[in-house]
Chemist: 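Provided herewith is a single structure, encoded as structure tokens, for subsequent inquiry.
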Amino acid sequence: MAGVTLAQQLQGHAQVSLFEKSRGYGGRLSVRRQNNWQFDHGAQFFTARSPEFQQQVATLLEAGVIAQWEPKIVTLTPKEKPFKRAWYEPHYVAVPGMSNVVKQLASALDVNLETRVHAIHRYRKGWLLQDEEGRALGEFDLVVTALPAPQSAGIMPPQFTDHDLLANVQYSPCFAFMLGFDQPLDLNFGAAVVRESPLAWIAVENSRPGRPTMSSLVLHSDNKWAADHFEQPDIESHLLTAIAELEGIEIPAPAHVAMHRWRYARVENENTPGVLWDEEQGLAACGDWTHGKRVEDAFLSGLSLGKQIKAFLATRV
């Protein structure tokens, strides 16, 4: 979201190439498909609180790229009866999967999928990007990373003024547990916040607008529990046990089970630095972590950096 927002801002002002290591769009706005099941196993939804993002959301709603998600939401706790919760602001999801919002925003951009930038080296008056095999990906006047801060620190050259700051951004991990079922689920909710458990969240995937009808669940672990168990094997059995301990939820044996380990799931720093723009070196970094923890923060990061770079480019004309 941060990278495509920035690239959109710079259209007509610079030639921009985006490099994405995955085979698809989205980053943590990710979707996984297996047979007739679909899982939004990254960001579960987004809200819009700033005027800038509200305007973007209105445009996406009108285009049918996103829709409001209004599930019945409850709180689940071991040994306690579920109770209904309320959402006090609109919650949105992309249609037909969360990654589609980024895919649509990137439709007119130069995106190079399945291309991992491994190193950035000074070359002539600009920067040379190289992949893992040492092959050149191109020479550029300005380079921006739109990655979790530790990954940015791993490829940013030491000349970057804010290099040390990147290494000090702290994250907590999360397990995304995906379950597919051959039969309908008898659950009295579309989403659940989970307390006092290794689990923190349950979403009934087919309760989301525009999704396949086959029953599927995405469960996110508690961040602290994930940090304590991140390198352990057989996490699936622990989380299946955690489901069984919850009151008000009974599920049959799943026909499909998958796990994804999000190492950089949640930014834990209290103070956000704002976008990092080293005008002298022609290097910058953006992402949700520069403004907060949410999808909207990733958008605002790309938007803010785009404005700064456009102002810089205007002085070079």
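Values reported hereafter were calculated over all heavy atoms of this structure, with side chains retained and with hydrogens, waters and symmetry mates removed.
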Chemist: Can we say E139 and R124 salt-bridge, meaning some charged N sits less than 4.0 Å from an Asp/Glu carboxylate O?
Modeler: yes

Chemist: Quick one: sort the F299 and F53 rings into parallel, tilted or perpendicular, breaks at 30° and 60°.
Modeler: tilted

Chemist: Tell me whether R33 at atom CZ has more than 12 heavy atoms from other residues, nucleotides or ligands lying less than 6.0 Å away.
Modeler: yes

Chemist: I want to check something: taking the side chain as every heavy atom from C-beta on, are C286 and H291 in contact at a cut-off of under 4.5 Å?
Modeler: no

Chemist: Does a side-chain N-to-carboxylate-O contact under 4.0 Å join R208 and D40?
Modeler: yes

Chemist: Hey, does the side chain of R122 reach the backbone of G126 with a donor-acceptor pair shorter than 3.5 angstrom?
Modeler: yes

Chemist: Name the orientation class of the two ring planes belonging to Y171 and Y264 (parallel below 30°, tilted from 30 to 60°, perpendicular beyond 60°).
Modeler: perpendicular

Chemist: Run the side chain to side chain contact (heavy atoms under 4.5 Å, CB included) test against R135 and tell me which residues pass, sequence neighbours left out.
Modeler: D131, E133

Chemist: Within the distance-only criterion (no hydrogens, no angle test), does the side chain of N223 pair as donor or acceptor with the backbone N or O of P173 below 3.5 angstrom?
Modeler: yes

Chemist: Against F230, only a single residue in W225, F175, W262 fulfils ring-ring contact (aromatic ring centres under 6.0 Å, His included); can you say which?
Modeler: F175

Chemist: For the ring pair W69 and H91, is the centre-to-centre distance below 6.0 Å?
Modeler: no

Chemist: For this output row, return yes or no: ring centroids of H13 and F312 closer than 6.0 angstrom.
Modeler: no

Chemist: Can you confirm whether or not the ring centre of W277 sits under 6.0 Å from the ring centre of F160?
Modeler: no

Chemist: Keeping N206 on the side-chain end and S216 on the backbone end, is there a donor-acceptor pair under 3.5 Å?
Modeler: yes

Chemist: Looking just at side-chain N and O atoms, do S301 and T290 make a donor-acceptor pair shorter than 3.5 Å?
Modeler: yes

Chemist: Any side-chain to backbone donor/acceptor pair from S107 onto K103? Under 3.5 Å, distance only.
Modeler: no

Chemist: Donor-acceptor pair, distance only, cut-off 3.5 Å: does the side chain of H220 make one with the backbone of H41?
Modeler: yes

Chemist: So does S215 get a backbone contact from the side chain of E205, meaning a donor-acceptor N/O pair under 3.5 Å?
Modeler: no

Chemist: Sequence neighbours left out, what pairs pass ring-ring contact (aromatic ring centres under 6.0 Å, His included) with at least one residue falling in residues 102-127?
Modeler: none

Chemist: Between N100 and A94, is there a donor-acceptor pair closer than 3.5 Å when you use the side chain of the first and the backbone of the second?
Modeler: no

Chemist: Nearest 0.5 Å, please: how far is OG in S152 from CG in D162?
Modeler: 11.5 Å

Chemist: Do side-chain atoms of D222 reach the backbone of K224 as a donor and acceptor pair under 3.5 angstrom?
Modeler: yes

Chemist: Pairs under 3.5 angstrom only: tabulate donor-acceptor contacts from the side chains of residues 177-204 to other protein residues two or more places apart or in another chain.
Modeler:
| residue | atom | partner | partner atom | Å |
| --- | --- | --- | --- | --- |
| N188 | OD1 | K72 | NZ | 3.4 |
| S197 | OG | L199 | N | 3.0 |
| W201 | NE1 | Q44 | OE1 | 2.7 |

Chemist: Between S304 (side chain) and L300 (backbone), is there a donor-acceptor pair under 3.5 Å?
Modeler: no

Chemist: Looking at T315 and L313, would you say the former's side chain and the latter's main chain have a donor-acceptor pair under 3.5 Å?
Modeler: no

Chemist: Does the side chain of Q9 come under 3.5 Å of the side chain of K307 through a donor N or O and an acceptor N or O?
Modeler: no

